[in-house]
Amino acid sequence: MNQNFNALKKKILSHEARITIIGLGYVGLPYAVEFARNGFKVTGIDLNEHKITALKNNESYITDISSEELKDINGSGLISYTSSYTGIDNADVIEICVPTPLGKSKEPDLFFITSAVQSIKEKISKPKLLILTSTTYPGTTREYMVSTVADDHYKLDTDFFAVFSPERIDPANKRYKLADIPKVVGGVTKLSGELAVLLFRQIVKDVVEVSSADTAEMVKLLENTFRSINIGLANEMAIISHKLGINIWEVIDAAKTKPYGFVPFYPGPGIGGHCIPIDPVYLTWRMKLYNYRTRFIELATDINNEMPYYVVSRLADIMNEKGKSIKNSKIFILGVAYKKDVNDLRESSAIPVIEEILHRGGKVAYHDPYIGAIQENGVNLKSVKLTKKALSASDCTLILTDHSVYDYPWIVKNSKLILDTKNGTKGIKDSRIVKL
Ligand SMILES: NC(=O)c1ccc[n+]([C@@H]2O[C@H](COP(=O)([O-])OP(=O)(O)OC[C@H]3O[C@@H](n4cnc5c(N)ncnc54)[C@H](O)[C@@H]3O)[C@@H](O)[C@H]2O)c1
């Protein structure tokens, strides 16, 4: 009879389990809110004091949770926020949602996971379920998290339970909210998996249990590698179609009418965000240990990474046709967020596009309703107002993100020339529009 397992199980089923979420970003904050919404007592920990202050003041910094929603949930008294790990041993469940970026040489940077796990290890002694949610390569939960936390006095399956459970949140997706997306769970042990399945059944409709934490880690990498490769294919098809004088957007729209065997993916100025450009590289790095080169993955990554430069070369071509060069011309960029309707600039292809235009001597101004300023890689710009004058005074309008709030017919009417990399101007017929 495993007393700690039974006690945790009872607390989970009665919603008396105290949940701590570490890392209150695009993934962690929605979890903290969802657990509290379902009656659990939640503590959110984030080392970023600005975020803690904002949350305490009912100010949301992510587009998927409104400040009103936050105010409601804060008012329930079920959720609290802190930048300290001091009270962490009171938690019955700890879920880690910290970033997993790439280092300077494009190797996995597990610094944030390492520091979170070390902080937990220093403070815990009571029984717990530990959940790693940050995307990472197969083996991290088992080899790193468990071996750091376990010792002679704190044993796996006796004192603590450990799982990997990836997140599939799609920022700005209005159709699939956190509770609608099936949750994959893989336990390091059978009992660990069982507890996590019970826990997530309390807040999401469907839980999919796989046989191990390594499998769950691989599921996430397969999903995001699938996207990276298919976006790479769409990007290559866009380059091919342009050379053949064919409109790729029309091709994809027709191809997707096939009721089976085809999933539409769309080209664009590159890939961005904290997942698609990074996660496949985690797998590539991991496989080097096995002396295996992930050719397919690397090819897609190469094509996607080249897209910002392809876009600028297309920009140069269309301006050339008008007797202009990028040098000394004014380029007005619409949208710099990595995808539509989000306020996330991480890994956005707008950065290399802007760098390349500046490198060629062009002048850049941008507008993005969600990104007030850019300070990255030496690019320092502030979003300017989207006015008739700003558009008409520019030599070319470059659409990099197809935000829904844009009035595309008005944009086209007031621009001299438009390079549309996202088909935001779909359905508008005007000789000034050039599509990717
Ligand atoms: N953003 C997405 O759409 C998405 C989707 C699925 C999975 N993921 C994965 O989820 C993980 C988190 O991504 P995110 O987008 O939420 O990142 P984020 O940067 O928005 O949030 C992470 C938070 O963790 C905090 N943090 C860092 N180290 C900490 C520590 N030691 N203790 C406490 N807080 C700490 C940071 O201050 C930050 O607020 C990543 O592994 C990512 O790959 C992200």
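Residues take their numbers from the sequence shown, with the count starting at 1. Whatever order the structure lists them in is the order used to number ligands and atoms, beginning at 1.
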message = Looking at every heavy atom in both Ile252 and Pro264, which two are closest together, and how far apart are they?
response = CG2-CB, 4.0 Å

query = Would a line drawn from the ring center of Tyr370 to the ring center of His403 be shorter than 6.0 Å?
reply = yes

inquiry  = Is the distance between the ring centroids of Tyr154 and Phe160 under 6.0 Å?
reply    = yes

query = Near Phe262 CZ, under 6.0 Å, is it more than 12 heavy atoms from other residues, nucleotides or ligands?
reply = yes

task = Would you please write out the protein residues whose heavy atoms approach any atom of ligand 1 to under 4.0 angstrom, listed by chain and number?
result = Ile22, Gly23, Leu24, Gly25, Tyr26, Val27, Ile45, Asp46, Leu47, Asn48, Lys51, Tyr85, Cys97, Val98, Pro99, Thr100, Phe112, Ser115, Ala116, Ser134, Thr135, Glu167, Ile169, Pro171, Lys220, His274, Cys275, Arg346

query = Can Lys128 and Asp89 be counted as an ion pair, charged N to O under 4.0 angstrom?
reply = yes

inquiry  = Over 60° means perpendicular and under 30° means parallel, so tell me whether Tyr31 and Phe200 are parallel, tilted or perpendicular.
reply    = perpendicular

